[in-house]
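Chain letters run A, B, ... following the sequence lines, proteins first, then strands; residues in each count from 1.
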Protein chains: 2
Amino acid sequence: MTAYSSASLKAELNERGWRLTPQRETILHIFQELPQGEHLSAEDLYQRLEERGEGISLSTIYRTLKLMARMGILRELDLGEGHKHYEINQPYPHHHHHLICIRCNETIEFKNESILKTGAKTAQKEGYHLLDCQLTIHGVCPKCQRSLIPV
Amino acid sequence: MTAYSSASLKAELNERGWRLTPQRETILHIFQELPQGEHLSAEDLYQRLEERGEGISLSTIYRTLKLMARMGILRELDLGEGHKHYEINQPYPHHHHHLICIRCNETIEFKNESILKTGAKTAQKEGYHLLDCQLTIHGVCPKCQRSLIPV
DNA sequence: TTCCGTGCAAAATCTTTGCAGATAC
DNA sequence: GTATCTGCAAAGATTTTGCACGGAA
């Protein structure tokens, strides 16, 4: 369930000449404790940490999110809200995709094993080292279709 | 090849109480003339129009791109460059997906018929009206893997 | 004639960056 | 001890918005 321990995070960081800081560890823990299907924006994370009394500056949050996404630990999602969201990048069978209503931003998660296979095959064919693979479906949800407001 | 004519754009706009303006028509044409695999940011489009002497304000460009994406005419891409890109939303067999290097942003397009089918099926199952369906694969390209700079 | 759309300028949002002090290794 | 990391404040980039005028239906 837990993709990364603090120890393996430290190992991966050190391997690249970087350091495990309390901030990085805290942020990893927050994401690991997050229920399936929740995802946080930088601001969400900032506020959650403030509430816990473990405040971390927004700069560090942005830097850490980007770092962990580039390491393949987090995946970056564009859920149509004008800012990025992040969630733990989990392997099969937890790996999933998103169906998003472009009007109200309702988001539905769904799984599909064959997409991950296609992603892995495509990356391999091009010699890419795979980090993440996400199918994003945009549409209009049933509720918004019934609404009288066009677009 | 051409998914929308000016006439069908006008019809679709009018249907919703909106209007076909020269700006909207011009922007549609730009995208229709774009070679397969090219995609434009708002700024790209703005500059291209300036060069042609058909200048359109950035506000209108942003408003039109959003409008056309919500109508399903354009698809909005996040290619990791800090701003959105847009391209014509083409049906099978031109429909395609993107493999992106998170370090240098090199982007490779690829096709896969079964993903579109999965997207359509998933949208239908949830009662969504499908607008777009894109598999985005993030990874590190061969060249960047060889580079000595970590992340 | 009506009301939608455009352009301009200003504002709002989100994200990045420079720098000095702190700290992991 | 040294290079990396953090927090702060400021800057940068992208996108949105209010308003008056112009134009499509």
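Judged by distance alone, the side chain of B:S114 and the main-chain N or O of B:N112 form no donor-acceptor pair under 3.5 Å. Looking only at distances, no side-chain donor or acceptor of A:H39 sits under 3.5 Å from a matching main-chain atom of A:R75. At least one donor-acceptor pair closer than 3.5 Å links the side chain of B:N89 to the backbone N or O of B:G72.
Between B:I137 and A:A123, the shortest heavy-atom contact is CG2-CB, 4.5 Å. Across B:I100 and B:D78, no two heavy atoms sit closer than the pair CD1-O, 3.7 Å.
There is a side-chain donor-acceptor pair under 3.5 Å between B:H96 and B:E109.
From B:R70, atom CZ reaches atom NE2 of A:H138 across 11.5 Å, with rounding to the nearest 0.5 Å.
For the helix from C:dT1-D:dA25 to C:dC25-D:dG1, the angle separating the two terminal helix axes comes to 50°, with each axis derived from five pairs and the value rounded to 10°.
Looking at B:I56, B:I73, B:T64 one by one, the single match for side chain to side chain contact (heavy atoms under 4.5 Å, CB included) with B:R24 turns out to be B:T64.
Residues from residues 52-62 of chain B that place a heavy atom under 4.0 Å from any atom of DNA chain D, listed by number: B:S59, B:Y62.
Not one side-chain nitrogen or oxygen of B:Q23 sits closer than 4.0 Å to the OP1 or OP2 atom of D:dG23. In terms of phosphate contacts, B:K66 brings no side-chain nitrogen or oxygen within less than 4.0 Å of OP1 or OP2 of D:dT15.
Under the 4.5 Å side-chain contact rule for hydrophobic residues, A:I30 and A:M68 share a cluster.
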Each nucleotide in nucleotides 19-25 of chain C should get exactly one letter: B, S or -. Can you fill that in based on protein heavy atoms under 4.0 Å? ----BBS
